[in-house]
Amino acid sequence: MSSYDAIYSLVTDIPMGKVATYGQIAQLIGQPRHARQVGYALAATPDDLEIPWHRVVNASGEVSRRSEPGGDELQRSLLEGEGVVFDERDRVCLSRFQWQRWSEDA
DNA sequence: TTTATGGCTGTCA
DNA sequence: ATGACAGCCATAA
């Protein structure tokens, strides 16, 4: 058992073509100040588990830098593969792709 | 127990 | 808009 479970569950619930921010996840699990920990939880996410960690981006809608090289590219590729579009600045239109826990996609 | 390290965020210049 | 700083806090050493 670990606090990461809530994070994993939530992230797993993110539908395809949608994204969420670290702060958003943290808030949804009742830990509005744990945005960073969310990042760690995802960073610690084993590849075995099917967790859409790539659907989690920072508050700016950009893919955060991780320890592993090329990971940001992978994340972006996966998102684009799900229909998420990046603008010229390499960021997602949160106002349009951000997942809303209590609302379905339009 | 104390330090160091982050896939962050919000505020200020 | 971008860049620098300071809080936040769980994990690892």
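Quick note on labels: first sequence line is chain A, next is B, and so on, each numbered from 1. What's counted below: heavy atoms across the whole structure, side chains too, no hydrogens, waters or symmetry copies.
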Protein N or O to nucleotides 1-4 of chain C N or O, pairs below 3.5 Å:
unit_1 : atom_1 : unit_2 : atom_2 : d
C:dA1  : O3'    : A:R89  : NH2    : 2.7
C:dT2  : OP1    : A:R89  : NH2    : 3.3

Using the rule that Ile, Leu, Val, Met, Phe, Trp and Tyr join whenever any side-chain heavy atoms are under 4.5 Å apart, tell me whether [X] and [Y] fall into a single cluster.
{"X": "A:V63", "Y": "A:V84", "result": "yes"}
{"X": "A:V11", "Y": "A:L74", "result": "yes"}
{"X": "A:V38", "Y": "A:W53", "result": "yes"}

**Study point:** side-chain hydrogen bond (donor to acceptor under 3.5 Å, both in side chains) partners of A:D90, counting only residues at least two apart
**Key:**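 Per chain and number, A:D90 pairs via side-chain hydrogen bond (donor to acceptor under 3.5 Å, both in side chains) with A:R76.
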Separation of [X] atom [atom1] from [N] atom [atom2], in whole Å?
{"X": "A:Q27", "N": "B:dC8", "atom1": "CD", "atom2": "C1'", "result": "14 Å"}
{"X": "A:Y22", "N": "B:dG7", "atom1": "OH", "atom2": "P", "result": "9 Å"}
{"X": "A:Q24", "N": "B:dG7", "atom1": "CD", "atom2": "P", "result": "20 Å"}
{"X": "A:D5", "N": "C:dA10", "atom1": "CG", "atom2": "P", "result": "16 Å"}

Exercise for review: Can you sort out which residues in residues 56-70 of chain A have a heavy atom within less than 4.0 Å of DNA chain C? Ascending by number, please.
Suggested key: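 Result for residues 56-70 of chain A: none.
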Review point. Of all the base pairs, Watson-Crick or G-U under 3.5 Å, which form stems of three or more consecutive pairs involving DNA chain B?
Key: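 So the stems come out as B:2-6 with C:9-13, B:8-13 with C:2-7.
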Review point. Would a distance-only check, ignoring hydrogens and angles, find a side-chain to backbone donor-acceptor pair under 3.5 Å from A:Q24 to A:W99?
Key: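 Checked: pair present.
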With a cut-off of 3.5 Å and sequence neighbours excluded, list every side-chain donor-acceptor pair involving residues 26-37 of chain A.
unit_1 : atom_1 : unit_2 : atom_2 : d
A:Q31  : OE1    : A:H34  : NE2    : 3.1

With the criterion being N/O to N/O and under 3.5 Å, what pairs connect the protein with nucleotides 7-9 of chain C, and how long is each?
unit_1 : atom_1 : unit_2 : atom_2 : d
C:dG7  : O6     : A:R36  : NH1    : 3.4
C:dC8  : N3     : A:R36  : NH1    : 3.3
C:dC9  : O4'    : A:Q37  : NE2    : 3.1
C:dC9  : O2     : A:Q37  : OE1    : 2.8
C:dC9  : O2     : A:Q37  : NE2    : 3.4

Going by the rule side-chain contact (heavy atoms from CB on, under 4.5 Å), which residues pair with [X] if we only count those two or more places apart in sequence or in a different chain?
{"X": "A:N58", "value": "A:Y22, A:S60, A:E62, A:S64"}
{"X": "A:L94", "value": "A:V19, A:T21, A:V57, A:Q98"}
{"X": "A:A44", "value": "A:Y4, A:Y8"}
{"X": "A:T12", "value": "A:I51, A:P52"}

Check your understanding: To the nearest 0.5 Å, what is the distance between CZ (A:R101) and CD1 (A:I25)?
Key ->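 Rounded to the nearest 0.5 Å, the CZ-CD1 separation comes to 9.5 Å.
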**Study point:** Taking every non-hydrogen atom, the tightest pair across A:L79 and A:R55
**Key:**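 Looking at all heavy atoms of both residues, the closest pair is CD2-CA, 3.9 Å.
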Review point. With side chains defined as the heavy atoms from C-beta onward, is the minimum distance between A:I7 and A:T45 less than 4.5 Å?
Key: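 Of all side-chain heavy-atom pairs linking A:T45 with A:I7, none is under 4.5 Å.
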